[in-house]
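Notes follow the structure.
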Amino acid sequence: MTSETLPPLPPPPPEDPGQEKADQADANNTTAKINQPAITAALSTLERLRSLQSEKEACELFASSLLSHPLGATGAASSSTSAGDAVADSATEAQKNKLEAQDPLHPRSLPGGVRDAWASLTKSSRALNVLAGEVDDMDIDKNDEILSSNTGTITASMIENELAKEKRHENEQYSLNNGQLSIACRTVALKVALERQGELTEIIDKDANNTVKILKKARKAIDDTSNDGAASSLMDSFYERLKEVKQYQSQNPGEAISNVDGLGGGQSSLQSMLLSGRKRKHGHPLADGYDIASLIANETSAVRSGEVFSPEEMFGKYLDLVPLYESEVRYMKHAFADNDGSGGGNNLSSNISYLDFLSILSKGLNTSIPEAGKLRDRRKYARFLRGMEKYLFGFLKRTSPFLNVSSEVIAPAIASFEKEWAARGGVTGWECRQAEASMVLESNKGKDDGQSANGNDEGVGIDLSKYATSADLEKAVSGDELKSELARLGLKCGGTVSDRAARLFLTKDTPLDKLPAKVFAKKGGGLKNVVPSAKKETSGSDLTEVVADRRVDIARLESIVSSLLDQVRPTLDGTRRRMERRATQTENERDQEIDEEINGTKLDDGNTNKNKTREGEGDSDDDDDEDDTPIYNPKNVPLGWDGKPIPYWLFKLHGLNHFYPCEICGNESYRGRRNFEKHFTESRHAYGMRCLGIPNTKHFHGVTKIEDAQELWSKLKTVLEGNQFDGVEEEEYEDSNGNVIKRAQYEDLARQGLL
């Protein structure tokens, strides 16, 4: 294509001046007759509707293509080294292109604007150089464009670089890896596309009636002017001009228009591209009416830069509960005490480790921690549960954006909890108290109506308007129900049934804030423990900001957290396994694992295998056969890091051919002397010794039989008892004459008065 400008159309032949004035007058009359505002509004509405509909279809195409091709498009065939390989590669490439052409959802078969969205996703999903610790290169192209735009001259290197970029742009590959970064970017891109598609659908449906009215008004304006030929004359001139342009383009098919205002100032197209700094795009946002590539680029770049996930979360693969553990769990001396799994015991000198904390979450909070420990740390435990709920709610929103956490996870958990608590007065892990069964109804009322002035909500608790005196209330209501209602209102619930009835009857005509302080419980009187009417929706729970002191409130929060933990169960188990691995990994092994998790493992491609075969036919065949054949391991040698048996000499060196059984550990056998010596300090052997009632001290190191351990313990007890100090036999006294005698003799002489 040349850079010459399009020559202007030949001027019309000269006409009679009088005729020209007459035509101008007719054109003015025609313009005056046509209702221009109505037609302009109709054209603007149609253009806006076309843009919205095009963007909606583009979002649907991108989402469908991403679901059909989660790893994008495969790379093109590489160059060959022989004529036969070149023919084979060309045939393979032709077959691949044919299949791509038949697939309407293939990334390279989509419209230009959707291809740009794929390009943005591919750019954000490319591998991060984690091991080298280099700065991310997201803005390399942007920096190049800024440098080129600041340069006033064009050099040969700039032209070569521009042509190379143009070639790469035309043959752009849309391949994604299987790393966690790519998975997170794909999830965010799919979320953006579907959310935008839903917004556009609502906008189109909402403006449908208004669009019809505008179009009808424009149609009426055209019909009003069609009788005198004004509209037909205007359209005839438009089609005549369009015909002239088409005729010129058919006669000059190779000409290009470069002298366009704002696109280069009369320069050539290559010079305009080099100096303008504009990004290459397959689509044209102004002509297409949409630019979903920018929407996807903004969201995926935030994921890549670490604004969405923390480093410990590994782009949504693991949970990051370290801040919550450091701020809450370590300060709960009863609920999370390190007492060998008994929970809430007496060992308050140390706390559980982070790995043990993850194990408790995996087993379940309701069964792993007894109720006594929770209630002794009730304020801290409630604050911990709210923190867990907030974090898990946000984590699910980031990793599973299409899951409605509030209605699909939290609401069923609350409904199941309230049903069970109302029936039994307790749930699994909490003592059943029938007197507290009615407390669960309070939250149901507090969700919608809030609390009334006197604390007696309609439909909640006891309706005092039915009783004239406290004696009538005492006769009609049992003592347990009175106690439950007083506890719900934060009043004292002790005393006789008459005292409870009289205390509750005070709230019939007197608001809670007007009652004397002596009728309230010591821990926070009044409405402090009542669920507020202000509903917090930040994390989906209605008790987010409540200082929950009652059993029912803490149990409800615990059920919500348990339901969220069940939803992220695979992620929680993966986090626990990762912490176990990191305890035995070196720094290099950790860095390598992080790189593999973020960028994924390299996917084998058919072309790569071909190139390896061309470089070494025999070696490649041997490697393929070795990978395909099963592992030959007749001596049951342990596998190494590469999945293959370790050398036999190393196997013998470490003594892995010997097994050492331990009866105390349940007849478990340990391979190798090192593992056998190490197991005496592990939890399994310590648990077996505790079951026998024997302390796991160094005296029993090497003892594996139960009988030997019990016999040694009996001997040690005899020795220990013999070494104990006997005051009667070994304590000595000195009389007034300086004679040293034993305690028994001294007491006998003292009783006889001989001293």
Side-chain angles (χ1 to χ4, degrees), residues 56-77 92 95-128 130 138 171-198 282-283 292-304 308-309 313-318 395-403 567-568 570-571 574 594-609:
K56 174 186 173 183
E57 294 175 358
C59 292
E60 294 175 352
L61 275 176
F62 177 77
S64 302
S65 177
L66 186 57
L67 293 174
S68 301
H69 302 276
L71 294 180
T74 57
T92 304
Q95 181 67 18
K96 183 187 298 184
N97 294 335
K98 183 179 179 181
L99 294 176
E100 292 178 1
Q102 295 175 355
D103 185 5
L105 296 179
H106 194 276
R108 283 193 287 268
S109 302
L110 298 173
V114 186
R115 290 184 64 182
D116 291 334
W118 263 101
S120 299
L121 174 60
T122 305
K123 183 177 180 181
S124 299
S125 302
R126 67 183 184 276
L128 277 173
V130 180
M138 284 290 292
N171 300 325
E172 191 169 7
Q173 302 296 326
Y174 307 101
S175 58
L176 305 175
N177 54 48
N178 59 347
Q180 196 62 33
L181 172 60
S182 179
I183 294 174
C185 289
R186 289 201 304 265
T187 303
V188 171
L190 186 62
K191 168 196 170 186
V192 171
L194 294 181
E195 285 183 351
R196 182 59 180 167
Q197 188 266 345
H282 296 283
I292 60 174
S294 299
L295 298 176
I296 293 174
N298 292 335
E299 297 293 334
T300 54
S301 61
V303 174
R304 183 181 178 87
V308 179
F309 297 99
E313 289 176 337
M314 201 65 66
F315 297 102
K317 188 174 184 179
Y318 302 115
F395 184 82
L396 285 173
K397 281 294 184 182
R398 288 175 288 155
T399 56
S400 303
F402 305 107
L403 175 67
Q567 193 68 30
V568 297
T571 307
I594 291 174
D595 181 69
E596 291 179 355
E597 288 176 344
I598 292 179
N599 300 324
T601 57
K602 294 183 179 179
L603 299 176
D604 294 333
D605 188 62
N607 300 315
T608 306
N609 294 334

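Counting from 1, the numbers follow the sequence of the chain as shown.
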Can you tell me how far the [atom1] atom of [X] sits from the [atom2] atom of [Y], to the nearest 0.5 Å?
{"X": "F309", "Y": "T399", "atom1": "CZ", "atom2": "OG1", "answer": "6.5 Å"}
{"X": "C59", "Y": "I296", "atom1": "SG", "atom2": "CD1", "answer": "7.5 Å"}
{"X": "S294", "Y": "E299", "atom1": "OG", "atom2": "CD", "answer": "12.0 Å"}
{"X": "F62", "Y": "L105", "atom1": "CZ", "atom2": "CG", "answer": "12.0 Å"}
{"X": "E57", "Y": "S64", "atom1": "CD", "atom2": "OG", "answer": "11.5 Å"}
{"X": "S109", "Y": "L61", "atom1": "OG", "atom2": "CG", "answer": "11.0 Å"}

Heavy atoms only: give me the nearest [X]-[Y] pair and the separation to one decimal.
{"X": "R126", "Y": "R304", "value": "O-NH1, 2.6 Å"}
{"X": "L176", "Y": "S182", "value": "CB-OG, 3.6 Å"}
{"X": "Q197", "Y": "E60", "value": "NE2-OE2, 2.9 Å"}
{"X": "C185", "Y": "S124", "value": "SG-O, 3.8 Å"}
{"X": "G113", "Y": "I292", "value": "O-CG1, 4.2 Å"}
{"X": "V308", "Y": "E313", "value": "O-OE1, 4.4 Å"}

>> Applying side-chain contact (heavy atoms from CB on, under 4.5 Å) to S65 and L110, what does each step give before you reach the verdict?
In response: CA-CA 9 Å; S65 177; L110 298 173; 3.6 Å; yes
> Would you say L66 and W118 make side-chain contact, with heavy atoms under 4.5 Å?
Replying inline: yes
Give a yes or no on whether the backbone of [Y] and the side-chain of [X] come within a donor-acceptor separation of less than 3.5 Å.
{"X": "T300", "Y": "L121", "answer": "no"}
{"X": "R398", "Y": "G316", "answer": "no"}
{"X": "S125", "Y": "T122", "answer": "no"}

>> Just to verify, what does I183 make a side chain to side chain contact (heavy atoms under 4.5 Å, CB included) with, not counting sequence neighbours?
In response: Q180, R186, T187
